[in-house]
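Values below: every heavy atom of this structure, side chains too, minus hydrogens, waters and symmetry copies. Order of the sequence lines fixes the chain letters, A, B, ..., with proteins taken first and strands second; residue numbering starts at 1 for each chain.
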2 protein chains.
Amino acid sequence: MSPKSSTIATGIDRFLGCELAGEIEFLAARTRSLGSARANALLAPLGLKVRSYSVLSLACSDLSPTQRELAEFLSLDPSQIVPLVDQLEKGGFVERCADPNDRRSKVISATRAGHTLYKQARLATAKGESTSMERLSKVEQETLRDLLSRIAFMPAN
Amino acid sequence: MSPKSSTIATGIDRFLGCELAGEIEFLAARTRSLGSARANALLAPLGLKVRSYSVLSLACSDLSPTQRELAEFLSLDPSQIVPLVDQLEKGGFVERCADPNDRRSKVISATRAGHTLYKQARLATAKGESTSMERLSKVEQETLRDLLSRIAFMPAN
DNA sequence: ACTTAATCGTTGACTTTTTCAAGAGTTTAA
DNA sequence: TTAAACTCTTGAAAAAGTCAACGATTAAGT
């Protein structure tokens, strides 16, 4: 047995010590790439992708997000939100409601069916996340979440 | 003064407590998005983007990566490496060398000019990274790097 | 040795994602 | 009341991602 024991050797181990592997932007990119591939696979049976899942998640919150807010929070162009909401609306999972405070905006809220779908989808992403994090202890997982959230919401400056 | 004091209010603060904001995959996506936008802006004067910078970085290591290895390490399709190396080669920063062990492979290595360019580029990305991480202490930064690198290199399973 | 299967870089076609400018309707400020 | 700013939407164009196939080369099976 030339590789250690448990996991499959990927062949990139010899790059682990290189300078690039120490840059958080690179690490974040790889983390996202692996994570979203996994999440997409788990969400596919529900007819969702990571993007549409994210919109559904916010629509299921009690925060009544506008499309503009969805775009900013999800790091997307406002024009990218349109087809995402279109598709969820077509499936009957989400509704565009008039914003009482500002008739320019449209507030996205989940229907009953949307909430039901989200419950299942959330289980899928939670499963993916626990797979991604399986090499970290519970405490480490919370630390990671905290540190990441502190740099993920920096103002544009 | 309605916003606190220092930093610009982005308007997404009210979403910080939502369920999605607690998912690492989402946090990694936002981190990458902010980070690569900043890095691209800093690398642009050098004629590089994050992608080409990453290839150059590995070419400057003493690891003699093949294109296949570059693809795997950078989470890209092998066919995406081709134009990246083409461009760097055209600029005289990188060379495709025959792999003595396997004539199918091509080893990518940096030229003198490539090393020079990389030194400057590395300064740019380091500056971007320190901006990204400015809300974290030095110890926290190292913790984040360690935790992320442990989940960023999981085997495919 | 010889055939078969697998791998590497490359190309080309195709889909998806990203980016950007502009338009119609609405709100805010002057 | 006009002008400027903002929201959603559309459409076009560029960039990125996916995938199958090819020639050249290596590895495996017999």
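Rounding to whole angstrom units, CG of residue A:Leu74 and C1' of C:dT17 are separated by 14 Å. Distance CG (A:Leu70) to C1' (D:dC8): 12 Å, rounded to an integer number of Å. Spacing between atom NZ of B:Lys49 and atom C1' of D:dG17 amounts to 14 Å, rounded to whole angstrom units. The nearest whole Å value for the distance from the CD atom in B:Gln80 to the P atom in D:dA15 is 14 Å. Look at CZ on A:Arg103: it is 14 Å from C1' on C:dA24, rounded to the nearest Å. Protein atom CZ of A:Arg32 is 10 Å distant from nucleotide atom C1' of C:dT17, rounded to whole Å. Remark: C1' of C:dG9 and CD of B:Glu89 are 12 Å apart, rounded to the nearest angstrom. One atom, CG of A:Asp99, and another, P of C:dG25, lie 19 Å apart when rounded to the nearest Å.
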Would you check, one step at a time, whether the test salt bridge (charged side-chain N to carboxylate O under 4.0 Å, His left out) holds for B:Arg150 with B:Asp146? CA-CA 6 Å; B:Arg150 278 166 57 198; B:Asp146 172 62; 3.6 Å; yes
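Judged by closest nucleotide on DNA chain D, A:Arg104 is the one of A:Arg104 and A:Asp86 placed further toward the 5' end. Toward the 5' end of DNA chain C, the nearer of the two residues A:Leu76 and B:Gln67, judged by each one's closest nucleotide, is B:Gln67.
Side-chain atoms of B:Thr125 and B:Val50, non-hydrogen and from C-beta on, never get closer than 4.5 Å to each other.
Taking the side chain of B:Arg68 as heavy atoms from C-beta on, and the options C:dG9, D:dT7, D:dT9, the nearest nucleotide is C:dG9. Side-chain proximity of B:Asp77 to D:dT18, D:dT9, D:dA15: nearest is D:dT18. In the set C:dG12, D:dT9, D:dT26, D:dT9 carries the atom at the smallest distance from any side-chain atom of A:Ser79. Comparing C:dT17, D:dT26, D:dT9 against the side chain of A:Lys106 picks out D:dT9 as the nearest.
With no hydrogens or angles considered, a side-chain donor-acceptor pair links B:Arg38 and B:Ser132 at under 3.5 Å. A donor-acceptor contact closer than 3.5 angstrom links the side chains of A:Glu23 and B:Tyr53.
Taking both residues in full, the closest heavy atoms of A:Ala21 and A:Phe15 are given as CB-O, 3.9 Å, listed atom of the first, atom of the second, then distance.
At a cut-off of 3.5 angstrom, counting only N and O atoms as typed in the model, there is no donor on one side facing an acceptor on the other between the side-chain of A:Thr66 and the base of D:dC8. For A:Ser105 against D:dC6, a side-chain-to-base donor-acceptor contact under 3.5 Å is absent.
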